[in-house]
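Numbered from 1 within each chain, the chains take letters A, B, ... in sequence-line order.
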Protein chains: 2
Amino acid sequence: MSKDDSFDVQDFLPYLLNQAAEEGSLGFQTVYKERYGLLRTEWRVLFHLGIYGQMTATEIGTRARIHKTKVSRAVQKLNDRRFVERSRSDSDRRVEWLHLTAAGMSAYNDLSAIAQSYDAALQARFCEADIVVFKRVLRHLARLD
Amino acid sequence: MSKDDSFDVQDFLPYLLNQAAEEGSLGFQTVYKERYGLLRTEWRVLFHLGIYGQMTATEIGTRARIHKTKVSRAVQKLNDRRFVERSRSDSDRRVEWLHLTAAGMSAYNDLSAIAQSYDAALQARFCEADIVVFKRVLRHLARLD
DNA sequence: TGGTAATAGTTGATTTTGTAACTAACAAGG
DNA sequence: CCTTGTTAGTTACAAAATCAACTATTACCA
């Protein structure tokens, strides 16, 4: 017996978003996990380097809104696996430029191809007009525009 | 230098969903955290009991897709705080019925009221037609319909 | 019956995360 | 130069999530 029938979790946006996000990443998560033993943050860092090329840890953190300690640890792991190389900047020896190795690039290419087809399969479940609206609202909520 | 310019993380649905979900729960998270010292899972369990009334841990886990160990520990904490009471079923002594105490109900009422206005504020940023589409797609992705 | 499997829920060991404090390098004003 | 403040990134310790193994109870069936 509900105390307040006018409220339903399933209409609560943060709840809906969380459920959809979990459901939506589930399938792809197993790919980068089982195929390359990557964690979610590690995959995210890999993708940013694959897409935007050379970046610093801080830049990645700012762009993806990941805390610097999380980025730091992800970079460490990716470096251990020889997916990422670090090089100190000459002009400012605090900053470290990160870029993918050949192995990292190859993992990125493989995963991004899978990501694209995964994404296409997800989007195929809706009509194009709905996807347009959906993504626009998402981007706005995610503060990406 | 990007290897594959046709791909952008910001168009990748799982990524977008995650960012939006994190952004969207951020504000409300501080409410249940600072006001009642609740964790995300604890809040979710509280809400389910507030809305659907008496339930078992397994039912909550199934409906919200939370792992049973997470539910178990959340119920323990909520029970410690006297927000939830447990009672063994007579017909099957493995199952435990959970329901809110008066204190739990009051916390739920308080939080659900805040949740509703928080939700309304989020939704006010878009036109109604967009919200309708958005929620429909979300529900489908979250496999809630 | 008795044996095997299934279900509800808990506990313990290991990983991962979060918070704060830390080192190192730079910047700017006196 | 020195003090103070800021920025890049790491590390230490506590909190939380995860995974597997566990107890207790019921269900199935030969």
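In this structure, A/L26 is not a member of the same hydrophobic cluster as B/L141, with clusters built from ILVMFWY side-chain heavy atoms closer than 4.5 Å.
Considering only residues two or more places apart in sequence or on other chains, B/R86 meets the side-chain hydrogen bond (donor to acceptor under 3.5 Å, both in side chains) condition with B/E96. Contacts of A/E59 classified as side-chain hydrogen bond (donor to acceptor under 3.5 Å, both in side chains), with partners at least two apart in sequence or in another chain: none. Residues passing the side-chain hydrogen bond (donor to acceptor under 3.5 Å, both in side chains) test with A/R44 are B/Q19, sequence neighbours excluded.
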Under 3.5 Å between N/O atoms: give me all the protein pairs with nucleotides 13-16 of chain C, atom names plus distance.
none

Atom pairs under 3.5 Å: protein N/O with N/O of nucleotides 2-7 of chain D:
residue: D/dT7; atom: O2; partner: A/R94; partner atom: NH1; Å: 2.8

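Pairs engaging residues 123-145 of chain A under the ring pair (Phe, Tyr, Trp, His ring centres under 6.0 Å) rule: A/F126-B/H140, A/F134-B/F134, A/H140-B/F126 [sequence neighbours left out]. Listed by first and then second residue, the side-chain hydrogen bond (donor to acceptor under 3.5 Å, both in side chains) pairs involving residues 28-38 of chain A are A/R35-A/D110, A/Y36-A/D110 (not counting sequence neighbours).
The hydrophobic cluster around A/L39 extends to none of the other residues, as no ILVMFWY side-chain heavy atom falls under 4.5 Å of it. Other members of the hydrophobic cluster containing A/W97, listed by chain and number, are A/V95; membership follows side-chain contacts under 4.5 Å among ILVMFWY residues, whether direct or relayed.
The side chain of B/K70 places an N or O atom within less than 4.0 Å of a non-bridging phosphate oxygen (OP1 or OP2) of D/dT18. Taking only side-chain nitrogens and oxygens, A/R40 never comes nearer than 4.0 Å to OP1 or OP2 of D/dT18.
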